[in-house]
Novice: 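Quick one: structure below, then a few questions.
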Amino acid sequence: MDQAADDWAPHSAHWGAFSARWNGATLDVTPYEGDPAPSPILQNFTTAMRHKARILRPMVRKAWLDRRAPTERTFDQKFVACPWNEVLDLLANELSRIRTEHGAGAVYGGSYGWSSAGRFHHAQSQVHRFLNIAFGGYVRSVNSYSAGASAVILPHIIGGYEAVSRHNVTWDQVAEHTDTVLAFGGMAVKNSDVASGGISRHIERDAMQKAARRGAIFYGIAPLRDDMPPEAGARWLPIKVGTDVALMLALAHTLLVENLHDHDFLTRHCTGFEPFERYLRGRDDTTPKDAAWAAGITGIPAGTIVDIARRLPRGRTLVTVSHSLQRAQYGEQPVWMGAVLAAMLGQIGLPGGGYNYALGALGHTGRRLNAVPIPTLSQGRNGVSEHIPVARVADMLLNPGQRFEYNGRSMHYPDIKLVYWAGGNPFHHHQDINRLRRAFNVPQTIVVHESAWTPMTKFADIVLPATMTLERDDIGAAGTDPRLIAMRRAVDPIGEARDDFDIFAALSERLGVEQAFTEGRSSRQWLAHLYEPTRQALAAAGWDAPGFEEFWRRGELALPSAPDDGGFLRAFRNDPLNSKLPTPSGKIEIYSSTIAGFDYNDCPPHPAWLPSTEPPTARHPLTMIANQPATRLHSQLDFGAYSQSKKIAGREVVRLNPADAAQRGIANDDIVRLFNDRGACLAAAAVTEDVMPGVIQLSTGAWYDPEQGAAEQPLCIHGNPNVLTRDIGTSRLAQGCCGQVTVVECEKYTGTLPAIRAFDPPDHG
Ligand code: PGD
């Protein structure tokens, strides 16, 4: 299955299908021809394949190898290269030792991360399968950094996260039916450019443009103007960060007092409106949640709030709530209140109307589901029951045995001795990096498979070089994309890099379970094996169902889509008795008796306004938005051409309003220092009216680059916002990540500018 040098190989990434051709030094990349709006971040591949940041050989941390005290991990530690046979023996022995001395429950294999789009060489699936089969299990993580709060609250109040976000209102419906979109947190296309597993058509801009041309009005309710694309022609409502629930309540209050709400829908389809109504009217706390009240909190004039509320029942209205709003303290509340606002309008389940949590947050939303299954690698059975909500990883490592609350249960943190990571970058994705560094100093051993020297690898003990997606064959697929892509290898693996599967197969052999792990299949045989259920489903439905070799030769295969039927919410709207919701009452829960039973003051039994416990102060007056980057996916390929082309003096760009810049004597391209009590980083300033006053925006994904030799809180000289963010759970209900928002101060940096070292391999002399 090797690719001839002058061939264009079909391939796929989370940010789009494409073709690639190796020209001997760099990669030529052409977006998928049927994609109307390909993502520019495809261009990160061009210079990435042979970049100095790639890992060439297996490496072991010298101090770990020597077992000399002190073995404290740092980002400047020395590594020694180790031949594959030796490193695999070493690791197999270490795994056996940990299992014998501490059991499988001492291994954290939660290993969060997006890795690459192929369904077979999916690093998370591979590492979980390996630990289950070869090790008897591992402590796992549940939920995601993307949807930590919503994935837990939605089933209590309306239905499962997947169904509410992905099988609901489609972009076709928006283009055709919607009159008003209330986009809380916006619908930035840099986010919907991405769909895990791949995406062959980016349709959002076109759909929003069609709707806008028909006269639909989009309200972009967000602190950043460009949280809506220009095609939507959106009305920007700059809102104080983290106050959306107050605005939603005020809209609901206006509907209520002006009798514009849908009594019938609330009676037939919902439960618990009465206690919520008491709260809304301020019966118990003497504070009606009216437009004047919300104006003081949100910064949006009361008249504007009332005008918008009056418009909502006049046509087809869609309420959307972005992931970003729930990636903050009390993030459950906007998700819940968005649903309640839509329920009061009574349009849930109508084409292009109602509530679609996270529409536009990913390229999976607003699309029709495939009518056939896509290839999936089985992960086996996990013999360890202990788990944590994914964003509680540092708490777990720092506090073994400590009790914590999660979704009505009292649980405890396990005592972790070995951490195994493949396909993720915690020093990118986790909050409060200085705390995370302390946490990752607790385990005895850290093992990482990576294709590049990310900060996580520099902090690890055993580093195994993994191939990059373009160096191997795979199948790209997502349940919401109507195309299966034969991801053909375009470049030979760099150095001694191996596929994750081959690494785990070799380890399994040493642990005596090779047959169970590989099932006797080579990678190529696995691809054919995983393809087969899709082929059979296609054949059964009478669709074009070529054998694997033919699919591989063609390079892609069209998959049929299921009907655009509005999903479970349409069925529930039409027949609430026979198509009940999967909530305890079978209805939309405006008041949840289940949540009331948990007795959490950080997640009350109906949606409520709970201000952040970390408001801006005189010392840290600016609210920082740490959102998803537009120049790469998360931290992937930060060293790539496109990501690098958008940096200034090699630093990540922080955007701020002219008023805030002027107050601090900051001009475009100045290097600034952002700081709070948790840490500090440098970034390069871009002054723009697109950011509302009082807010600064620094996207995630610049590789953590701590200043050399600094102590407890080293300055990140590159611009990773997670040195500043808070490592707390959203609430005891979901314990989701709160990385989106924090408070900081910003000043012009006048010191000597240290050189960026983020992409340099570590010392392995
Ligand atoms: P990536 O940068 O995608 O970030 O966090 P995540 O850890 O997923 O990391 C994937 C890593 O996998 C890369 O380092 C890449 O090199 C590696 N990789 C790719 N392919 C392979 C492979 O085949 N094998 C192996 N072994 N490795 C591979 C993302 C997370 O960050 C997410 S999903 C969200 S939504 C969060 N967002 C925010 C946020 O909004 N704000 C803040 N402050 N923090 C966040 N963190 C979260």
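Atoms within each ligand, like the ligands themselves, are counted from 1 in listed order.
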Novice: Determine, considering heavy atoms only, which of His121, Gln628, His323 sits nearest to atom 38 (C) of ligand 1.
Specialist: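 Selected option, by shortest heavy-atom distance: Gln628.
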Novice: Would you say Thr469 touches ligand 1, if touching means a heavy atom closer than 4.0 Å?
Specialist: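 False for this residue.
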Novice: Got an N/O contact under 3.5 Å between Thr454 and ligand 1?
Specialist: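 In this structure, Thr454 places no N or O atom under 3.5 Å from an N or O of ligand 1.
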Novice: Heavy-atom contact under 4.0 Å between Ser451 and ligand 1?
Specialist: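 Yes, that is the case, since the closest heavy atom of the residue is under 4.0 Å from the ligand.
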Novice: I want to confirm something. Looking only at heavy atoms, which of Ile433, Val741, Asn722 is nearest to atom 43 (N) of ligand 1?
Specialist: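 That would be Asn722.
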Novice: Judged by atom type as modelled, is there a donor-acceptor pair below 3.5 Å linking the side chain of Lys190 to the main-chain atoms of Gln628?
Specialist: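 Yes; at least one donor-acceptor contact below 3.5 Å.
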Novice: Could you tell me whether Ala626 approaches ligand 1 through its side chain, its backbone, both or neither, with non-hydrogen atoms closer than 4.0 Å?
Specialist: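 Both backbone and side chain of Ala626 come within 4.0 Å of ligand 1.
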Novice: Could you tell me whether some N/O pair between Gly739 and ligand 1 is separated by less than 3.5 angstrom?
Specialist: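 It does: an N or O of Gly739 is found under 3.5 Å from an N or O of ligand 1.
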Novice: Short list, please: which atoms of ligand 1 are under 4.0 Å from a heavy atom of Gln740?
Specialist: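 Once the distances to Gln740 are compared, the set is 40 (O).
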Novice: Side chains of Met624 and Leu724: closer than 4.5 Å at any heavy-atom pair?
Specialist: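 Met624 vs Leu724: side chains touch.
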Novice: For ligand 1, is there an atom lying under 4.0 Å from some heavy atom of Gln126?
Specialist: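 Gln126 does not count as a contact of ligand 1 under the 4.0 Å cut-off.
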Novice: Between the main-chain N or O of Ile717 and the side-chain N or O of Arg651, is there a donor-acceptor pair closer than 3.5 Å?
Specialist: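 Side chain of Arg651 to backbone of Ile717, a donor-acceptor pair under 3.5 Å: yes, one is there.
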Novice: Could you tell me whether some N/O pair between Tyr145 and ligand 1 is separated by less than 3.5 angstrom?
Specialist: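 Between Tyr145 and ligand 1, no N or O pair is found under 3.5 Å apart.
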Novice: Any atom of ligand 1 sitting under 4.0 Å from a heavy atom of Arg472?
Specialist: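 The answer is yes, since Arg472 has a heavy atom less than 4.0 Å from ligand 1.
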Novice: Does Gly423 come within less than 4.0 angstrom of ligand 1, counting non-hydrogen atoms of the residue?
Specialist: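 Per 4.0 Å heavy-atom rule, Gly423 contacts ligand 1.
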Novice: With atoms numbered from 1 as shown, which atoms in ligand 1 lie under 4.0 angstrom from a non-hydrogen atom of Gln636?
Specialist: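 Close to Gln636: 1 (P), 2 (O), 3 (O), 10 (C), 13 (C).
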Novice: Can the ring centres of Tyr112 and Tyr145 be said to be less than 6.0 Å apart?
Specialist: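 Yes - the distance between ring centres of Tyr112 and Tyr145 falls below the 6.0 Å cut-off.
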Novice: Which atoms of ligand 1 have any heavy atom of Ser146 under 4.0 Å away?
Specialist: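 This gives 33 (S), 35 (S) as the contact atoms.
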Novice: Based purely on interatomic distance, does Glu450 place a nitrogen or oxygen under 3.5 Å from a nitrogen or oxygen of ligand 1?
Specialist: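 Yes; at least one N/O pair falls below 3.5 Å.
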